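Scroll down for the structure; my scribbles are underneath it.
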Amino acid sequence: MKKSDIVNLLLQEKESSLPSREKSMAFAPSNIALCKYWGKRDSELNLPMTSSLSVALPDKGAMTTLIVQDASSDTITVNNQQISEDSKFAKRTIEYLDLFRPQKNWHLNIEIKSDVPIAAGLASSACGFASLVSALNELFDWKLTHRQLSILARLGSGSAARSLWNGFVEWHAGMQPDGMDSFAEPLDVEWQSLCMGLLLVSEAEKPVSSREAMQCTVDSSIFYSLWPKKVNQDLALIKQALKTHNFSLLGGAAESNALAMHATMMSAWPPICYYLPETIAAMQKVWQMRKNGVEVYFTQDAGPNLKLIFLSDHKAIVKEQFPEMETVRLFD
Ligand code: 2P0
């Protein structure tokens, strides 16, 4: 099955394929997975091997503005800088837009304002595609549900399926070959005292994209066969922790899940290692703090940066240990 088949399925009942306005805009938050998405069962439709669970960063995301333009191609600007059509980022965006063009010669000016560095393991593609599909929904007045938008966002980037909501979100792996049961949903949980801190080790573009890293891991790591089992366990623990506000359970399961994901990468061939020396040093500091009775945990995505997880009572002491950390808002 192709991406275009899914788009046709979801948009077949829409009366007109032409946009109902000239301009639209939409914001989507980035999201940090507490239980990770790592590996696909279908790489055309970005169907995951397992479910995953994230928390949104409502102040870190992407605002996409779309303006219909009378031109021979699309133009893309990111934070007011025009992006070359030949760049990886532009190619991926244009290819995604091709799925929705009413006519071949129909083009857009796409302005993306992003609070997160592109491709540094801070979910820039998640908020990018989620805001893009939400802006398309406005432009064409499709009136799609968030669940349907989650499916369309997934076609751009898997983790984008989770970026349609604030708060905790679970992306169900689903089982159908067409992926119509692989969408995300918000969880009815709030946790005001839960804090997250971004520890930027490097903003440089990652040497291996998460897409390539995931594929290489699935194809070559002997440990990958254990990953679905690990996710099932961690997902259950994390959901229980959210329900009961059990912070030790949440932090432990999230940290262990991230470490296990990186272990599958290191056992891939060619090996994939997103750790920098500073990443390891920060991990050791976190472990030392826990030994000293300060409950702080970390999670790590496909990049060297860490996200620290702690409760508001410990904010001052964590900040003292990691002065360079940026605390991000999770809830209103
Ligand atoms: C996650 N990551 O759950 C995991 C953890 C990175 C590490 O989802 O190929 O950019 O576009 O579906 O979504 C990053 O992978 O990959 C990611 P594609 P995506 O957040």
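As the structure is a computational prediction, the values presented were derived from the model and not from experiment. Order of appearance sets the numbers: ligands from 1, and atoms from 1 within every ligand.
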Using distance alone, decide if ligand 1 has a nitrogen or oxygen within less than 3.5 Å of any nitrogen or oxygen in [X].
{"X": "N31", "answer": "no"}
{"X": "G156", "answer": "no"}
{"X": "K36", "answer": "no"}

If you count heavy atoms of other groups shown closer than 6.0 angstrom to CH2 of W269, is the number above 12?
no
Counting non-hydrogen protein atoms only, what is the nearest one to [atom]? Give residue, atom name and distance.
{"atom": "atom 3 (O) of ligand 1", "result": "Y37 N, 2.9 Å"}
{"atom": "atom 19 (P) of ligand 1", "result": "S157 OG, 3.5 Å"}
{"atom": "atom 14 (C) of ligand 1", "result": "S210 OG, 3.4 Å"}
{"atom": "atom 20 (O) of ligand 1", "result": "R162 NH2, 2.8 Å"}
{"atom": "atom 13 (O) of ligand 1", "result": "S159 OG, 2.6 Å"}

As a quick check of understanding, evaluate side-chain hydrogen bond (donor to acceptor under 3.5 Å, both in side chains) for R154 and N46, giving each step before the final call.
CA-CA 6 Å; R154 164 171 54 74; N46 291 331; over 6 Å; no
Given that the side chain starts at C-beta and the backbone is N, CA, C, O, which of these parts of [X] lies under 4.0 Å from ligand 1, counting heavy atoms, or is it both or neither?
{"X": "K40", "result": "side chain"}
{"X": "S52", "result": "neither"}
{"X": "E212", "result": "neither"}

Do side-chain atoms of [X] reach the backbone of [Y] as a donor and acceptor pair under 3.5 angstrom?
{"X": "R162", "Y": "V55", "answer": "no"}
{"X": "E320", "Y": "P323", "answer": "no"}
{"X": "H245", "Y": "E190", "answer": "yes"}

Under a 4.0 angstrom heavy-atom cut-off, which atoms of ligand 1 come close to [X]?
{"X": "N46", "value": "12 (O)"}
{"X": "S125", "value": "10 (O)"}
{"X": "A33", "value": "1 (C), 3 (O), 20 (O)"}
{"X": "M261", "value": "5 (C), 7 (C)"}
{"X": "M214", "value": "15 (O), 16 (O)"}
{"X": "R92", "value": "11 (O)"}
{"X": "R211", "value": "9 (O), 11 (O), 18 (P)"}
{"X": "G158", "value": "11 (O), 12 (O), 13 (O), 18 (P)"}

Go through the side-chain N and O atoms of S256 and K230 and say whether any donor and acceptor fall under 3.5 Å apart.
yes
Using a strict cut-off of less than 4.0 Å between a Lys/Arg side-chain nitrogen and an Asp/Glu carboxylate oxygen, indicate whether E324 and K319 qualify as a salt bridge.
no
Looking at non-hydrogen atoms alone, which of T50, D301, L47 comes nearest to atom 5 (C) of ligand 1?
D301
Are M283 and L200 joined in one hydrophobic group, where the rule is that I, L, V, M, F, W and Y side chains link up if heavy atoms are under 4.5 Å apart?
no
Going from CZ on F310 to CD on Q321, what distance comes out if it is rounded to the nearest 0.5 angstrom?
12.5 Å
Look up atom OG in S220 and atom CD1 in I272, then write down how far apart they are to the nearest 0.5 Å.
6.5 Å
Starting from the C-alpha separation in whole Å, work towards a yes-or-no answer on side-chain hydrogen bond (donor to acceptor under 3.5 Å, both in side chains) for K36 and T299.
CA-CA 10 Å; K36 309 293 186 188; T299 185; 2.8 Å; yes
Among the heavy atoms of [X], does any lie under 4.0 Å from an atom of ligand 1?
{"X": "A302", "result": "yes"}
{"X": "Q215", "result": "no"}
{"X": "R154", "result": "no"}

Indicate the ring-plane relationship of W171 and Y37, choosing parallel, tilted or perpendicular according to the 30° and 60° boundaries.
perpendicular
Report the C-alpha separation of Y297 and W287 in whole Å, then their side-chain angles, then the decisive distance to 0.1 Å, and conclude whether the ring pair (Phe, Tyr, Trp, His ring centres under 6.0 Å) test is met.
CA-CA 8 Å; Y297 298 86; W287 292 327; over 10 Å; no
Distance flag, aromatic centroids of F100 and W142, threshold under 6.0 Å:
yes
